Amino acid sequence: MTLFLQYAVSGIATGCTFALVATGFVVIYRVSRVVNFAQGVFAVVAGMAVSSFLSRGLPHGPAEVLAVALAALAGLVVGVIAIGRRGTPPLASLIITLGLGIGSYAVIILIWGDQPVSFTGLAGLARMGGISVQYQFLLVVAVTAVTFGLLSLFFDHTYLGKALTACSSNPYAARLVGIDVRRMGLLAFTLGGALGGLAGVLITPLQPVSFDSDVGIAINGFAAAIFGGLLRPGTALVGALVLGVAEALVAGYYRASFESGVALVVMLGLMVWQAGRRSPAAEEGA
Amino acid sequence: MLEVEDLVVRYGQATALDGVGLRVERGEMVALVGPNGAGKTTLLNTISGLIPPAAGRYRLEGRLAQVPEGRQLFAGMTVEDNLRLGAWRVRDRDCRRIYDLFPQLGPLRRRLAGTLSGGEQQMVAVGRALMAQPDLLAVDELSLGLAPLVVDALAEHLVRLNRETGMAILLVEQNARLALELCPRAYVLEAGRIAASGSSEELSRTAAVRAAYLGGAADEAAATGIGS
Ligand SMILES: Nc1ncnc2c1ncn2[C@@H]1O[C@H](COP(=O)(O)OP(=O)(O)OP(=O)(O)O)[C@@H](O)[C@H]1O
Ligand SMILES: [Mg+2]
């Protein structure tokens, strides 16, 4: 039982980082209808940046904030390249993000090398109900909760947030009222970059990242995101937690190497299920 | 107010507007009628800045807001959010004047726009456009899918706004009878060209227009070559 709880808690923590990546997918997809395959790169960039900043003497806190800002900037750059030209079809943009994701390996290796990078996060263990929990896990959960709270405030209660939702709901009408849908798309990419970066900053102390870690991160985030049809961040959060716990249990009780297979199986299953459930007409209206 | 000259708009190879000229004076109500596919919506979207013209020009004094064909609300958002987003280009986001104009919308302000009746949705669409405080309101198919009584009520609102605030209106309508009745002046658009224009009274006496749009005799239309 203790072992089970131990696994579950670590699963919730990694699930939270999946949730952040997933929300990045969702925010970008909602506004621009582009599935951003470079989403995992933001996490890698931020994780590596923190470790550089720390080794150059920057304290914790500023190092993480700066790394998230850097990831946001990376998001903006990917956005400019992928959707910067008016009228680029979403499918072309998707291919561009895929290419940028792979191309990023070159840049990352040039700057940080090809070895896995890590840094120590919050050290120490908390005793909770008979199990010991790393403080870093608690930090991950707390930061994710606060981030989701802020996001829902932003989207539900600010004019800018509502304009972003309007672009997703009816881009034609959004343009008619004068909203620059392309600029909103760039804003979404920036936000997606920051969310991916946040995930990277939180996860790197738990599992070292290397230049090609983006694939695993993106697959988990994407699998969680399609729980909510790529449109609903709340459902993506639930999906991410389920996925995180399932993977931790599989890795703990069975074999660690099967861990990432869980996401793929879940993702395929969901896609098949959703394809069967949704008529083409419903897809159109979503 | 609005001056369109020799406007040409293409979708790829297809020419939707082919040398269109049109004027709307300050405070005027002008009708634009024509059959399906004539290019009416294309014209409105071009002067709304959504489609770049291939040739020709348009000049616009003041702000234009459009009530689009088929209403095009933000369906999953509340009535109030829809209205407020209409004010994207202006500072004042107070919806009270819209609720004063359409008292039925007041109690519905928290409802999702997609759950309203067609008539209520059209009120929201008009209200959203009015939130931009336009000097010219372009209305695309006011009557589309609405009961005659609802259309009459909405039309009355538009006429009153035009009289009281001096807001100019460009009304696109399939229902030519209604449009010619409401607007003193009108244009007939056919296959991307202005086929006729003038005072609505004269136009509705023209045999060809009667035949094509007001349910007159078809052989008269054939004789003049308008309406096909
Ligand atoms: N996005 C588009 N891409 C290609 N062709 C288009 C597009 N929109 C309109 N068209 C074509 O341009 C022509 C004019 O269309 P438009 O919608 O402006 O006509 P309309 O007068 O508004 O018709 P209706 O009364 O049916 O609304 C039509 O032949 C239409 O098929
Ligand atoms: Mg039309």
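Chain naming here is simple, since letters A, B, ... match the order of the sequence lines and numbering starts at 1 in each. Given the structure is predicted, the values throughout are model-derived calculations rather than measurements.
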- prompt: Where on B:Leu64 is there a heavy atom nearer than 4.5 Å to chain A: the side chain, the backbone, both, or neither?
  reply: neither
message: Check this for me, if you would: do A:Lys162 and B:Asp81 make a salt bridge, where the nitrogen-to-carboxylate-oxygen distance has to be below 4.0 angstrom?
response: yes
message: Quick test of your reading of the model: are B:Glu25 and B:Arg23 salt-bridged, counting only N-O distances below 4.0 Å?
response: yes
task: Return the option, out of B:Arg71, B:Arg89, B:Met131, B:Arg93, with the maximum number of heavy-atom pairs under 4.5 Å with chain A.
output: B:Arg93
message: Is B:Asn45 in contact with chain A via its backbone, its side chain, both, or neither, using a 4.5 Å heavy-atom distance?
response: side chain
- prompt: Distance from A:Leu73 atom CG to A:Phe42 atom CZ, nearest 0.5 Å?
  reply: 10.0 Å
- prompt: Contact part of B:Ala87 toward chain A, heavy-atom cut-off under 4.5 Å: side chain, backbone, both or neither?
  reply: both
- prompt: B:Asn175 and B:Ser143: side-chain donor and acceptor closer than 3.5 Å?
  reply: no
